[in-house]
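Below you'll find the structure, written out as structure tokens, and then a few comments.
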Amino acid sequence: MSKLGDLGARLHRGEVGYDFVKNRKIWYGLSILITITAIVGLAVRGLNMGIEFQGGAVFTTPKNTSVSVSQAERYAEESSGHDAIVQKLGDGSLRIQVAGIDTDAANKIKNTLADDIKIDAEQINAELVGPSWGEQIANKAWQGLGIFMVLVVIYLAIAFEWRMALAAFVALIHDITITVGIYALVGFEVTPGTVIGLLTILGYSLYDTVVVFDSLKEQTKGLTKQTRWTYSDVANRSINSTLVRSINTTVVALLPVAGLLFIGGGVLGAGMLNDISLSLFVGLAAGAYSSIFIATPLVADLKEREPAMKALKKRVLAKRAHSAARGDTEAQGGDEAYGDEPEDAAPAVVGPRNQPASRTRGRGRPSGKRR
């Protein structure tokens, strides 16, 4: 077995692990800092909305145009009086975007560009986009996002409970805010591809969260009937038991997206790939982070506000303190020290069940010399 596979097996059995829930205030603080940065970037710089949302014209020059990107940008701004966005495509052609112009202005700009670049005007392909079409896209995107959020909350409230639904909702808002804020800070153009990518990453984010919640739901059945573990203990072990799986799925998903973003958009110059790949890359990373560091610790916080869970935590801590006073180090979280617990509390135990097998064998083994 590989080292990673061995680590995953040990995490699943509870032999090793990191206390994510105990250090939740650190993760909350880090997320708040990142979220505030994203919001400030959004407020200060705003989003660079694509021409599909603003309306305007897109001009595409022939292949292997000799004019540079900076020259084409200057020509377009001088001829239109508006800011222009110029991208060099993989085949050497230029894609020139000018927002906020109508059909008559587009024809004049096309002719002026042809004179400046010294080519025939017929060689420049011009596409007009109306602002009403972009507004319809934006409205549909908001509607889709709202419907998705409502359905997610309803599903999780039915399948699990309202606390888990609330935690998952907070994690999704966290992921969306960070992704949108990164777009504002980086200055990438927001296009329909960006919206598609944003809606796609919500599913990935929810997937990891639901995997941990499902494990947590199973492991907390009959939890109040024992005094081995608090709810936070079991929540932490649920995270650890699915940790390697979450990391593997995230890395596998990020690799092709990274190829689109850094190789396709950066090296090959296919700038339009950046629209969808950046939202996918940031969203996948943020989703993996929120499912581990935000959603489950938040559920533990909400759950331990219940009177039953408060009483359970008090009993567990009291028993551990009593065991520590007796010098019984195994009782600080080990299973052997709790052999007096009822059998129906077994599902609450996550990790290895190191029953005192040696003692059992010792009862059946003959002692002393044979007579």
Side-chain angles (χ1 to χ4, degrees), residues 42 44-145 180 182-199 260-261 264-279:
L42 184 61
V44 174
R45 300 195 58 177
L47 291 173
N48 179 21
M49 304 302 293
I51 197 170
E52 293 86 355
F53 296 102
Q54 300 184 67
V58 179
F59 306 96
T60 306
T61 66
K63 299 178 182 179
N64 301 318
T65 302
S66 59
V67 177
S68 66
V69 171
S70 59
Q71 287 177 321
E73 184 175 344
R74 189 177 76 254
Y75 293 153
E77 290 178 351
E78 289 176 353
S79 60
S80 64
H82 294 76
D83 291 336
I85 299 175
V86 181
Q87 295 174 324
K88 191 176 183 70
L89 305 182
D91 59 0
S93 60
L94 297 177
R95 185 174 186 265
I96 305 170
Q97 294 184 177
V98 181
I101 60 175
D102 55 20
T103 304
D104 294 336
N107 291 330
K108 294 178 181 178
I109 295 170
K110 177 181 176 180
N111 294 327
T112 305
L113 282 175
D115 294 336
D116 292 335
I117 300 175
K118 294 180 174 53
I119 59 175
D120 192 334
E122 296 299 323
Q123 292 182 284
I124 297 179
N125 181 38
E127 297 179 3
L128 290 175
V129 180
S132 60
W133 186 73
E135 185 178 354
Q136 291 177 4
I137 291 179
N139 291 335
K140 293 295 182 182
W142 284 113
Q143 290 176 11
L145 180 61
V180 174
I182 292 295
Y183 261 86
L185 292 172
V186 175
F188 275 24
E189 189 179 24
V190 177
T191 67
T194 305
V195 177
I196 294 171
L198 188 63
L199 295 176
L260 282 175
L261 179 60
V267 178
L268 300 180
M272 288 181 289
L273 291 177
N274 292 334
D275 303 343
I276 188 171
S277 58
L278 181 63
S279 61

Separation between [atom1] of [X] and [atom2] of [Y], rounded to the nearest 0.5 Å:
| X | Y | atom1 | atom2 | result |
| --- | --- | --- | --- | --- |
| Leu94 | Gln71 | CG | CD | 10.0 Å |
| Ile182 | Ser279 | CD1 | OG | 12.0 Å |
| Ser68 | Arg74 | OG | CZ | 7.5 Å |
| Ile124 | Ser93 | CD1 | OG | 11.5 Å |
| Phe59 | Arg95 | CZ | CZ | 12.0 Å |
| Thr60 | Gln123 | OG1 | CD | 13.0 Å |

Check your understanding: Does the side chain of Asn48 come within less than 4.5 Å of Val190's, by heavy atoms?
Key -> no

Review point. Looking at side-chain heavy atoms only, is the closest gap between Leu199 and Leu145 below 4.5 Å?
Key: yes

Restricting to non-hydrogen atoms, name the atom on [X] and the atom on [Y] that form the minimum distance, rounded to 0.1 Å.
| X | Y | result |
| --- | --- | --- |
| Ala114 | Asp120 | CB-C, 4.1 Å |
| Ala72 | Val67 | N-CG1, 3.6 Å |
| Arg45 | Leu185 | NH1-O, 2.6 Å |

Exercise for review: With Ile109 as reference, evaluate Asn107, Leu113, Thr112 under the side chain to side chain contact (heavy atoms under 4.5 Å, CB included) test and give the passing residue.
Suggested key: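 Testing Ile109 for a side chain to side chain contact (heavy atoms under 4.5 Å, CB included) against Asn107, Leu113, Thr112 leaves exactly one candidate, Leu113.
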
